[in-house]
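To start, the structure itself, in structure tokens.
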Amino acid sequence: MSKSNAFTSWLRKDPRAAISLGFLLLLVLIALGANWIAPYPPTEQDLVNTLADADGKHWLGTDDLGRDVLSRLIHGAPASLYASALAVGVALLLGVPVGLLAGFLGGWVDDVISRGIDTLLSFPAIVLAIAVTGALGIGLTNGMIAVGIVFAPQLARLVRARTLVVRQELYVDAARCFGASTSRLLWRHVLPNTVQPVIVQVTLLLAGALLAEASLSFLGLGIQPPHPSWGAMLARAYQNMELAPTQMLAPGLAILCTALAFNALGESLRVALDPTMKRL
């Protein structure tokens, strides 16, 4: 069966995966076309019409500065997706090579790296992210680099565990007997056989990064005003919760649905890529 046919068959057999993937693709398209889709500029203020309820002019109402909530929600999508991708990208760049080296080389290298991973994992993730953000400086990019550093030990531990299994395989021993260098063994034979669990973990980390971005922006450590993000919108709505409690619904639901879509897609991938689970 070709890869395209296998992909189509997977989506047909797992409606949850199809719905999640469709939602995420739609979100990406909205993010790419935010300037054309949004009915108003995200920073345009209408101080006469603040905290207004939904109507024909403003479908989701306005915030405390009279800015259209729908427009800010649409323009917040690129920031939230960029933040998630950046954090997971940093985690991959840091965690995968470290995990490969620890699992493949073993010995004192594995001991040193494993103790470092355990130390980082002992700290609460959001606290460590806040600490790294404070060191790097406030802002979306620095905040997501901090989150990526926090996520890197999880990927390193996963890759290390998988590498410990793969390095014992016969094809690795055969390549070593033919004189393959350590770098060739790692990148040509070991790494490709650790990809499947990493793919699943990446989808789950994307959801975690989205929530982390929302948390940092809520605390004022992420994207800075007047640029919109879902976490910053949620923080702004929280300040006016007594006057307009429905203001929290739009950004809250956006964060919830996107995180659920990432998690559902990750769970579907885990089942599809794990032969033992298919038999259960």
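On a predicted model such as this, the values are computed, not experimentally measured, just so you know. Computed from heavy atoms alone, side chains included, the values below leave out hydrogens, waters and symmetry copies.
Separating the CE atom in Met144 from the CG atom in Leu216 is a distance of 5.0 Å, to the nearest 0.5 Å. We find the CZ-OG1 distance between Phe23 and Thr258 to be 4.0 Å, quoted to the nearest 0.5 Å. To the nearest 0.5 Å, the span separating CG on Asp63 from OG1 on Thr50 amounts to 8.5 Å. Between Gln247 atom CD and Leu51 atom CG the span is 5.5 Å, to the nearest 0.5 Å. With rounding to the nearest 0.5 Å, the separation of CZ in Arg160 from CG in Leu155 is 14.5 Å. Going from atom CZ of Arg67 over to atom CZ of Arg236 covers 5.5 Å, rounded to the nearest 0.5 Å.
In this structure, Ser114 contributes its side chain and Asp111 its backbone to no donor-acceptor pair below 3.5 Å. With hydrogens and angles disregarded, a donor-acceptor distance shorter than 3.5 Å links the side chain of Arg162 to the backbone of Asn193. At least one donor-acceptor pair closer than 3.5 Å links the side chain of Thr194 to the backbone N or O of Leu191. Judged by distance alone, with hydrogens and angles left aside, the side-chain atoms of Thr203 form a donor-acceptor pair with the main-chain N or O of Val200 at under 3.5 Å.
A continuous path of hydrophobic side-chain contacts links Val147 to Leu121 [ILVMFWY only; heavy atoms under 4.5 Å]. The hydrophobic clustering, which links ILVMFWY residues whose side-chain heavy atoms are closer than 4.5 Å, places Val165 and Val109 apart. The hydrophobic clustering, which links ILVMFWY residues whose side-chain heavy atoms are closer than 4.5 Å, places Val159 and Leu101 together. There is no path of hydrophobic side-chain contacts, each under 4.5 Å, that joins Leu260 to Met248. Leu256 and Leu21 fall into different hydrophobic clusters, where Ile, Leu, Val, Met, Phe, Trp and Tyr are joined by side-chain heavy atoms under 4.5 Å apart, directly or via other members.
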What do the steps show when you test Asn49 against Thr62 for side-chain hydrogen bond (donor to acceptor under 3.5 Å, both in side chains), and what is the final call? CA-CA 7 Å; Asn49 192 27; Thr62 60; 4.7 Å; no
Could you give me the CA-CA distance, side-chain angles and deciding distance for Thr141 and Tyr82, then say whether side chain to side chain contact (heavy atoms under 4.5 Å, CB included) is met? CA-CA 9 Å; Thr141 298; Tyr82 162 76; 3.1 Å; yes
Mind running side chain to side chain contact (heavy atoms under 4.5 Å, CB included) on His58 and Asp55 for me, showing each step along the way? CA-CA 5 Å; His58 301 285; Asp55 56 25; 3.8 Å; yes
Please determine whether side chain to side chain contact (heavy atoms under 4.5 Å, CB included) holds for the pair Gln201 and Phe151, giving the CA-CA distance in whole Å, both sets of side-chain angles, and the decisive distance to 0.1 Å. CA-CA 10 Å; Gln201 187 66 20; Phe151 284 170; over 6 Å; no
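Here the side chains of Asp68 and Pro39 are in contact, with some heavy-atom distance below 4.5 Å. Contact annotation: the side chain of Leu60 never approaches that of Arg72 to less than 4.5 Å [non-hydrogen atoms, C-beta and beyond].
Closest heavy-atom contact between Gly231 and Ile255: N-CD1, 4.2 Å. Between Leu47 and Gln45 the shortest heavy-atom distance is CD2-OE1, 3.6 Å. Across Ile74 and Ala38, no two heavy atoms sit closer than the pair CD1-CA, 4.0 Å. A pairwise comparison of heavy atoms in His75 and Ala34 identifies NE2-O, 3.6 Å as the closest pair. Heavy-atom minimum distance, Ser217 versus Glu213: OG-OE2, 2.7 Å. The shortest non-hydrogen separation linking Pro251 to Leu234 is CG-CD1, 3.9 Å.
Remark: of the listed residues Leu93, Leu86, Leu92, Leu86 is the sole one forming a side chain to side chain contact (heavy atoms under 4.5 Å, CB included) with Val90. Applying the side chain to side chain contact (heavy atoms under 4.5 Å, CB included) test between Pro153 and each of Ile117, Ile113, Leu94 identifies Ile117 as the sole match.
Between Asp118 and Arg157 there is a salt bridge, with a side-chain nitrogen of the basic residue lying less than 4.0 Å from a carboxylate oxygen of the acidic one.
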